[in-house]
Every structure is written in C-alpha cells, then in structure tokens.
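Notes for the one structure printed next.
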Amino acid sequence: MFELARLAGIARSSDPFVFSLVKHMNCVYICFFQMPKKEESEKSVTKKKTKEEIEAARTLKRKLKEEEEQQRWWEEEKYEAGIKWKFLEHKGPYFPPEYNPLPENLNFYYNGEKLKLGLRAEEVALYFAQMLDHEYTTREVFRNNFFKDWRKEMTLEERMLITDLEKCDFGEYHNFHKQKVEERKNRTKEEKQVLKEANQKITDEYGFCMLDHHRERIGNFKIEPPGLFRGRGDHPKQGLLKKRIRPEDVIINCSKESHVPEPPAGHQWKEVRHDNTVTWLASWTDNVQGATKYVMLNANSKLKGEKDWEKYEVARQLKSRVDGIRAQYKDDLKSKQMGTRQRAVALYFIDKLALRAGNEKEEGETADTVGCCSLRVEHIMLHDSLDGEKCVVEFDFLGKDCIRYYNKVPVTKRVFKNLKLFMENKQPGDDLFDRLNTGMLNKHLSSLMPGLTAKVFRTYNASITLQQQLKELSNALLNQAEKLLSYNRANRAVAILCNHQRAPPKSFEQSMANLQAKIEGRKEQLTLAKAELKKAKKEAKGNSDTKLQFVVEKKKKAMQRCEEQLLKMEVQATDREENKEIALSTSKLNYLDPRISVAWCKNMEVQLDKIYNKTQRDKFAWAIHMTEKDFEF
DNA sequence: GCATTTACTTAGAATCATGTCT
DNA sequence: AGACATGATTCTAAGTAAATGC
C-alpha cells in the first residue's frame, strides 16, 4: 500500500506518515495521512518532475482511488426482491458531437455532374461514402435500404434529380474520409495526449454514477452516434439510416431525491422517471428496429456482479438435480402427448448440444436465424447410419449472429424415431417442433426447479465441462506454459460446445509463419548449444579442473534455457493454431463460473493474471475474493 | 391464450492501445 | 523510433425470458 502511495507521488519513502484503518460497510480501508514535511528536506529531495512523471503519477492516483472504491458488495445485505437500488444519481448520457459540414471544395457528382448537396443529404451520403471499402456497400439490400432512407433526407430538388444510386459518385467524400483516418493515425504523441485527456474528462464526468453509497462505472454512457445500420448476416434492414438521438428521445431514470441530470442546453428530456425496480439509467428507442436501448452499469458493478453470481448458483443447483431431470425427459420421449415428446427431444438437444432456446422472431424484421425450439425441418438431416455410427442427426443452421452451426451427432434410437415422426408430412420450411415454443419449455423447466430455464443448461454444461477438462488435462507436474495450454484447451472445449466462432485474424497465416520461423531458429540454436555442451563435457572428462567443470555447468544451463524457450514457443504455436477460428472470450466472460478458474489457479500455482486480464479480474472480483482451493462447481 | 413490450445477457467485429521487434 | 502484431476495449446487434396488455 505504501509502495502504491509512493508511486502515486503522494508519499516518498523518506516521508513521515501515519495510517489508520477505517471500517465502512464491512470493508476495511487503509487511510494515509501524510505528516507535514520540513522545508529543508523538501529542497534537498525534490527533483524537477518531467511531464510524463506527473501524468503517470496522476493515473496511478486515479487507479488507487478506484481500487479503494472497490466495494465488497458481496459481503453486504441484499435488498428485498425486485428493488435494485435506493439511491441513484448520474449526469445523463453523453451525446456525440453535432455534424461538421464537409469543406466547400469537396464535390459529389451525379451522373458525372457536380452537385452541391444540402447539409442533411450530405451527412447521410458521407455515412455511405465512409463505408465504401466495406463489402456491405456492394450488397443489393444494403444499397436499396440506404438509398431509400437517404432520399428521405434530401430536399425536393435533390430527390427529383437523384433517382439512381448507380449514378452517384461519392469518390471525393470517400477520399476525404480516408485522409482523415490517415491523419488520425499520424497524430503526434502530444496530440494523442491532449485527446486522451479530453476523453478522460468526459469519462470522469459522464462515465460514473452514484448507486446507493457506491460510485460505479457506467458501461455505455455514450449515446450511439448516427450512421447506417449494420445488421449481421442477411439482415433485411441493413443500410437503413440510424438516426441521431436527441435529448428529447431519451428517458432518464434516477432517484427522486438525487440531482436530476441537466439536458444539454436548449433541450429537454423525453421523460424523467424514478423506477428503482430496474437497473438502467437512461433509455431511448432505436428507429431502425424499434428496440429500446439502455444505458447500464459496467460489468464490475454490484448490480451486474450480483446477478452474475446468482446465475452460476442456479447453474450449480442444476448440477445436483440434472440426473433426475434427464431421467424425466428420457421418459417423456415415450409420452402419448406429441407436445411432451417434442419438449423432451428439444430438451435433449439443449442439454446435449448446448443449443440456445430459440425464441420465435418476427419474420422480415431480422435475419433468418434459429435456435432449438425454432428449428425447421430443413435444418436437420437424419441418417440411419453415417461414418459407422447409427442414428446420426446432421444439423446445419444459422444461429445467433448468423453463425453457422454444423454438427453430426449420434442420438438415441428413441430420439431418432421421434424426429422421424416430427418430420412426417412436413415441408422443409415447417417447424420441427410445431407443438412447442420457448415459453412452454421454460414453464415446464421452472416447475422442475426454481429459476431453471433453457439457458441455464448452457451455463451449467459450459462450466461443468471446464471443470472436467481441467481435471483431465492439467496436473501440478506440468510447466507453466503447459499448464496454460491445458487451461486454454479446456476453455476451447467449452467454446466448441457453445459454437463460439470467429473470423480467423487477418494476419493469421503471416503470424503463424513468423512463429514457425522463430521456432526453427531456436531449434538450430539448441543443436548448437547441445554440441557445445558435449564438447565441454569431453574436455572436462577426467580433468578435475574446476574451471572446466564450471564451463560445463554454464553450457548445460544455456542448453536448458534454450530448450525451455523452444518448448514454450511450440506450445504457443499449438495453442494459436487450435484457436484459429474459435473465440474463447465469450465463454470465459459469460459461461464459465470464475470460481472454477480461480480455484484452478490456486491449485496449480498459476498467477491469476495469466488467465484473466484487468477488466476480467474486475468483473470477477467477487469470485476472486471468495474462492478457496477446494471450490467445486 | 396470445402478441407485444420490457429488461437484461450474450455476441463477434471494429477500433484502440500497448508491447515487441528491428 | 517506427512498424507491426497482439491483446484490450468499445461498440452495438442479437439473443433470452419475464412482465404486461388485450
């Protein structure tokens, strides 16, 4: 603690100081009080600090403050059901800057003719021009949607004239944008510093709120800037104009007795309400989807953390009841009720394959994706036998975010027979489970166990898989790199189960080749080191000269170091290769009970920051604090 | 009962910052 | 010291599930 204070520039090791322990809300704070310094010592010790040092001290001070503010909310008492807070105060959301018109000399051309666009048409045209390098702008749906909405922003004259997107030339706008990006990249250190400080100021003012007695970080305090809607996959609304949000669109939620945030000058909020049964601080309706967007707290907050903890506790409860539940749905496969059988098969998939529930969606409003309950006949193929296995179901469908789920799974005879039955006399586009939806499924699940829903199975199966895999893949005898590889592999098993994919990084091939080259280089070095060692040994043999023995020892150490480094790189290469198209972060952040990882680190003597970065450690502070070696999920 | 609305979690891509190498 | 790669952070879309409205 003193060390931190010293680094922060608020204390020097030569400074006299006192500290006291302050207990507040079950949390012990250490408070420093610096004693007044004497004049002479001041002069002799003081060295002119450079700008950087001052800045570094400042950020450290801030960090210190944040750490002190970190509350052990998990040791506090909980409110009655449904109440999320008793006091909430904040500054309202931060609005993006107004549109800045393009320089006069920039031109837009229609059909080869120069054309000066009005401000509104220009702004929306620029949104499109900025995206020209993106594949989006070549898609028919995107172009049509953009053009339709763009024309709405035009003056009558503009609209009369501009009737064909193909005849539009946004070239100068596009180049202007590219130039801006370039300039941004080439900013000097000083410019970057100025911008950083300005940003920090905004975060300091708008990025925090007071929730009960705690100062909490807000997750998304910035209003989403206007632009063109970028839906995922084959989204029917891609390219539509996402309009600028004004204070008049925003609902503020805060305490009655708090200082209500001021709307930007000349504006008013849509509404100010005081609803302490919800966690959001502000909300607005998005014009593209008609969905409500919320300003909420950061993941390290009490409200989010408590919910997260609760989620894993429910999943752990499932662990102790899952055998009975499985027996039940296996039994239900034989039910006389078609609905019950469909429910049983759906549950079998959700449990075995960690599929999502699959709510129904409004047709034409979103991309065509499905989950378990919304699977259609066309999404599965039945094989009586395939690759030497019997009763194989071949899945091929687009799930959340249009990520393809492709899997060939052997199932029990009874499940297989049921699927055949469900598919009888149906068209490819018909629902596989026509007598089932997520509401019915969840209602049934909650009758089996309080709090049980379809997604609890995903959480449970993910966490239990991590725990099992860690047990299987790692042991205390492995070296550090191997331990981490085993952790990543356990994590990877979960990511594969949950179908968390990513586009391979752009530079993947290159970086793989680079690493491979490094490995080759190291290998040669190792051969050399081995030869030298051999030589040294030979020379030292039968010779009691301590100098020669010393040389042998030195060569041996060099060889070993080389070997270690080689191994580390090889492990890294393996890890990277296996991870090419798999995203680990989603499962790490949302599905894996952090207590499993914390306990594993303790048992394996692996530093926690090897598996969780700072943000993740903040998010999982509750787990880090409460988890012992013997934790079992 | 259902469709709709609301509130919240989960998701991958894009962007930004930092560390490493030359 | 600049280029580049990598990891961290930001962004906001897209899910789940419960409440509400009719």
Side-chain angles (χ1 to χ4, degrees), chain A residues 82 84 96 131 134 136 181 184-187 189 192 195-196 199 203 207 219-225 227 229-233 235 237-238 242 251 253 275 277-280 283 285-286 288-299 303-304 307-308 310-311 350 356-362 365-367 369-374 398-403 437-443 445-446 451-456 458-459 462 495 498-503 505-508 510-512 514-515 518 572 576 581-591 612-616 618:
Chain A
K84 305 290 167 60
M131 290 178 77
H134 204 290
Y136 264 116
V181 170
R184 209 177 308 159
K185 230 170 50 191
N186 293 332
R187 281 195 285 241
K189 234 181 178 177
K192 279 184 190 159
L195 281 165
K196 200 176 165 188
N199 259 325
T203 304
N220 57 328
F221 58 91
K222 287 180 177 162
I223 295 276
E224 294 171 17
F229 177 73
R230 301 156 85 117
R232 308 271 170 86
H235 201 294
K237 296 194 168 185
Q238 59 183 301
K242 205 170 98 160
I251 302 174
N253 192 33
D275 182 354
T277 67
V278 295
T279 65
W280 53 270
S283 72
T285 306
D286 144 63
V288 175
Q289 312 243 52
T292 314
K293 305 270 183 130
Y294 299 95
V295 171
M296 288 183 189
L297 296 185
N298 187 272
L303 278 174
K304 294 285 187 192
K307 201 78 190 295
D308 214 32
E310 199 182 295
K311 171 179 80 184
I350 284 171
R356 296 188 185 83
N359 285 327
E360 48 268 71
K361 326 202 292 176
E362 226 178 317
E365 295 292 301
T366 60
T369 62
V370 297
C372 185
C373 291
S374 49
L398 295 182
K400 183 180 180 179
D401 293 315
C402 288
I403 299 296
N437 61 43
T438 53
M440 296 155 75
L441 177 65
N442 281 335
K443 212 170 155 199
L445 289 175
S446 71
L452 188 61
T453 63
K455 89 181 185 103
V456 177
R458 233 167 117 81
T459 312
C498 293
N499 199 38
H500 292 143
Q501 301 184 20
R502 63 165 181 174
K506 262 193 221 125
S507 54
F508 184 84
Q510 185 59 56
S511 90
M512 224 43 215
N514 289 349
L515 189 56
K518 260 167 84 180
Q572 195 188 0
R576 199 182 290 178
E581 297 182 80
I582 296 167
L584 299 186
S585 61
T586 302
S587 49
K588 200 182 231 181
L589 240 42
N590 300 302
Y591 288 102
Y612 287 147
N613 66 31
K614 179 77 172 78
T615 313
Q616 293 162 343
D618 281 350

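First the proteins, then the strands, lettered A, B, ... as listed; each starts at 1. Computation of the quantities below employed the complete heavy-atom set of this structure, encompassing side-chain atoms and omitting hydrogens, waters and symmetry-equivalent molecules.
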*Classify every nucleotide of nucleotides 15-20 of chain C by which part a protein heavy atom approaches to under 4.0 Å, writing B for the base, S for the sugar-phosphate alone and - for neither, in 5'-to-3' order.*
SBBS--

*Spell out protein contact along nucleotides 14-22 of chain B as letters: B when the base is contacted, S when just the sugar-phosphate is, - when no protein heavy atom is under 4.0 Å; keep the 5' to 3' order.*
S--------

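Neither OP1 nor OP2 of dT10(B) sits under 4.0 Å from any side-chain N or O of His500(A). For dA11(B), the OP1/OP2 oxygens have a side-chain nitrogen or oxygen of Arg458(A) closer than 4.0 Å. Taking side-chain N and O atoms only, Lys293(A) has no distance below 4.0 Å to OP1 or OP2 of dT12(C). For the OP1/OP2 pair of dA13(C) and a distance below 4.0 Å, the side-chain nitrogens and oxygens of Gln289(A) include no atom meeting the criterion.
Distance OH (Tyr294(A)) to P (dT9(B)): 12 Å, rounded to an integer number of Å. Look at CG on Leu398(A): it is 16 Å from P on dA11(B), rounded to the nearest Å. If you take CD1 of Ile403(A) and C1' of dA13(B), they are 10 Å apart, rounded to a whole angstrom. Atoms CG (Asn298(A)) and P (dC11(C)) sit 12 Å apart, rounded to a whole Å.
Residue Ser283(A) is classed as having no contact, given no heavy-atom separation below 4.0 Å to the nucleic acid. At the heavy-atom level, Arg187(A) lies nowhere under 4.0 Å from the strands shown. At the heavy-atom level, Arg502(A) lies under 4.0 Å from the strands shown only through sugar-phosphate atoms.
Mapping Phe229(A) and Asn613(A) onto DNA chain C by nearest heavy atom places Asn613(A) closer to the 5' end of the strand.
Of the candidates dA7(B), dT9(B), dC8(B), the closest approach to any side-chain atom of Lys84(A) belongs to dC8(B). Taking every side-chain heavy atom of Asn220(A) into account, dT12(C) is the closest of dC11(C), dG12(B), dT12(C).
Using the six-membered ring where Trp is involved, Trp280(A) and Tyr294(A) have ring planes that are tilted, between 30° and 60° apart.
Residues meeting the salt bridge (Lys or Arg N to Asp or Glu O under 4.0 Å) test with Lys311(A), sequence neighbours left out: Asp308(A).
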